[in-house]
Undergrad: 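Sharing a structure with you now.
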Amino acid sequence: MGKVSAIIYIAVALLILFLISHSPKKHPNHSRHRRLKLRSSFSFSNPTHHEPVAFDPLVADIERRREDRQWEKQYLEHTHPEFVNDHAPGHESQPEWEDFMNAEDYLNDEDKFNVTNRLVMLFPKIDADPADGFVTENELTEWHLQQTAKEVLHRSMREMEVHDKSHDGFVSFAEYEPPSWVKNDNNSFGYDMGWWKEEHFNASDVNGDGLLNITEFNDFLHPSDSKSPKLLHWLCKEEVRERDTDRDGKVNFDEFFHGLFDLVRNYDEEDHNSSHLSHDSLESPARRLFSQLDKDGDRLLSEEELLPIIGKIHPSERYYAKQQADYIISQADSDKDGRLSLLEMIENPYVFYSAIFSEDEDDDDYEYHDEFR
């Protein structure tokens, strides 16, 4: 049955490619000016800032290599400025990555990187649950989540190499140093809440051996994506510490309403327009939610009672992956059936490569910039 499905899929794909190649071009003048741009989402000043990864794993790999080069350069500048001025030992003898130097030209050479062919190849990998010839929102979300997981783990492994000074595959708290952007600015996100401190480290240490392996270190850097009950409880504890203005160890309704409720509401209602909603109209649903969370009825929320909404206060990568999937379907779903066919994907290629079309001062020059970056 699987072989038959594969043969049918290949036949349909070839037919679609044939029809496209022999059909009139809708925008012949603009299509040849569309240029895919490489991006680097790495930020040395705040590497925890969320940035989606590329839709295409091949593009993601090229960008990852580019980001690694930038990261190495900036890390050297921050840790060994004397090498930057005097040149690091062996620096001049290190070969340049040829593909990196010509990466954008490669991506925009249709003989080497044909977007239509890439989408045809990727389609069956995305259309996996079930493999029915259509890509759903859930399948797109899972696809983006898989690509993001690879990117996040890659960055965590790169960070671990820096902090694992004993090179034993583990990081102790003594080895770990908070990022420079945290140390230089105590008002940075999470610093006052205890992020990057020993309690955070210990909460990430699942087996309590005083060391973080790569999985624990990845969770340490990205606690909102962790499934560890210990770390999720720490997130709840830090939220209480952050919101508890009267220092009674719990969150009362006012503290909940003026701090946490908007975060939960924004998560649940992405498309809402809060500008016209009054304080009174929001208070009623806030009280309902507060009452649902307040299991012991003491009119206060404990760390444990915040657990059901901690994933909305600190959205995981799944939340952002779904946002990307929703955007892509809204742009490429021509027949508005809530799913994508291969033809719809091929007819809207630059939606999947997260690019938008803009016109420069010169009418003959066009450039594409990333939609999500």
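In what follows, every heavy atom counts, from backbone to side chain, and hydrogens, waters and symmetry copies are set aside. If you're wondering where the values come from, they're calculated on a predicted model, not measured in any experiment.
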Undergrad: What are the two closest non-hydrogen atoms of S224 and P315, and how far apart are they?
TA: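 Of all heavy-atom pairs spanning S224 and P315, the closest is OG-O, 3.5 Å.
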Undergrad: Does D164 reach the main-chain N or O of G169 with its side chain, forming a donor-acceptor pair under 3.5 Å?
TA: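 Side chain of D164 to backbone of G169: a pair is present.
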Undergrad: Above 12 or not: heavy atoms from other molecules or residues under 6.0 Å from NZ of K165?
TA: yes
Undergrad: Which heavy atom of E347 sits nearest to which heavy atom of P349, and what is that distance?
TA: C-CD, 3.3 Å
Undergrad: How long is the straight-line distance from CG of D244 back to CG of L300, given to the nearest 0.5 Å?
TA: 9.0 Å
Undergrad: What residues, two or more places apart in sequence or in another chain, satisfy side-chain hydrogen bond (donor to acceptor under 3.5 Å, both in side chains) together with D298?
TA: K250
Undergrad: Could you walk me through whether S166 and D168 pass the side-chain hydrogen bond (donor to acceptor under 3.5 Å, both in side chains) test, one step at a time?
TA: CA-CA 5 Å; S166 61; D168 60 356; 3.1 Å; yes
Undergrad: Do any N or O atoms from the side chain of D333 and from the backbone of D337 form a donor-acceptor pair under 3.5 angstrom?
TA: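 Side chain of D333 to backbone of D337, a donor-acceptor pair under 3.5 Å: yes, one is there.
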Undergrad: Answer yes or no: is there a donor N or O on one side and an acceptor on the other, between the side chain of E159 and the main chain of H154, under 3.5 Å?
TA: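 Checking the backbone N and O of H154 against the side chain of E159, no donor-acceptor pair under 3.5 Å is found.
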Undergrad: Output all residues satisfying ring pair (Phe, Tyr, Trp, His ring centres under 6.0 Å) with F170, sequence neighbours left out; order by chain, then residue number.
TA: none
Undergrad: Please list every donor-acceptor pair under 3.5 Å in which a side-chain atom of residues 118-135 meets a protein atom from a residue at least two apart or in another chain.
TA:
{"unit_1": "R118", "atom_1": "NE", "unit_2": "D56", "atom_2": "OD2", "d": "2.9"}
{"unit_1": "R118", "atom_1": "NH2", "unit_2": "D56", "atom_2": "OD1", "d": "2.6"}
{"unit_1": "R118", "atom_1": "NH2", "unit_2": "D56", "atom_2": "OD2", "d": "3.4"}
{"unit_1": "D127", "atom_1": "OD1", "unit_2": "D132", "atom_2": "N", "d": "3.3"}
{"unit_1": "D127", "atom_1": "OD2", "unit_2": "D132", "atom_2": "N", "d": "3.3"}
{"unit_1": "D127", "atom_1": "OD2", "unit_2": "G133", "atom_2": "N", "d": "2.8"}
{"unit_1": "D132", "atom_1": "OD1", "unit_2": "F134", "atom_2": "N", "d": "3.1"}

Undergrad: Would you check if there is a donor-acceptor pair between the side chains of E239 and H314 at a distance under 3.5 Å?
TA: yes
Undergrad: Looking only at heavy atoms, which two atoms of D225 and S316 are closest? And how far apart?
TA: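 Heavy atoms of D225 and S316 come nearest at OD1-CB, 3.2 Å.
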Undergrad: Is it true that E67 and R158 make a salt bridge, defined as a side-chain N closer than 4.0 Å to a carboxylate O?
TA: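 Yes, E67 and R158 are salt-bridged.
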Undergrad: For the residue pair L140 and A325, what are the closest heavy atoms and their distance?
TA: CB-CB, 3.6 Å
Undergrad: Quick one: CZ on F113 to OH on Y353, what's the gap to the nearest 0.5 Å?
TA: 4.0 Å
Undergrad: Going by atom types alone, do R287 and S291 pair a side-chain donor with an acceptor below 3.5 Å?
TA: no
Undergrad: Counting only N and O atoms by type, is there a donor-acceptor contact under 3.5 Å from the side chain of K230 to the main-chain atoms of A203?
TA: no
Undergrad: Nearest 0.5 Å please: distance from the CD atom of Q323 over to the CD atom of E317.
TA: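 Result: 10.5 Å between the selected atoms.
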Undergrad: I'd like to know if the side chain of R241 reaches the main chain of G249, judged simply by a donor and an acceptor atom lying under 3.5 Å from each other, with no hydrogens or angles considered.
TA: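 Answer holds: no.
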Undergrad: Using the rule given for side chain to side chain contact (heavy atoms under 4.5 Å, CB included), can you reason through Y106 versus I62, listing the C-alpha separation, both sets of side-chain angles and the distance that settles it, and then say yes or no?
TA: CA-CA 10 Å; Y106 167 80; I62 294 173; 4.1 Å; yes
Undergrad: Check whether any side-chain N or O of Q147 sits under 3.5 Å from a backbone N or O of F55 as a donor-acceptor pair, and report yes or no.
TA: no
Undergrad: Taking H144 for the side chain and K322 for the main chain, is one N or O donor matched with an acceptor at less than 3.5 Å?
TA: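 Between the backbone of K322 and the side chain of H144 there is no qualifying donor-acceptor contact (under 3.5 Å).
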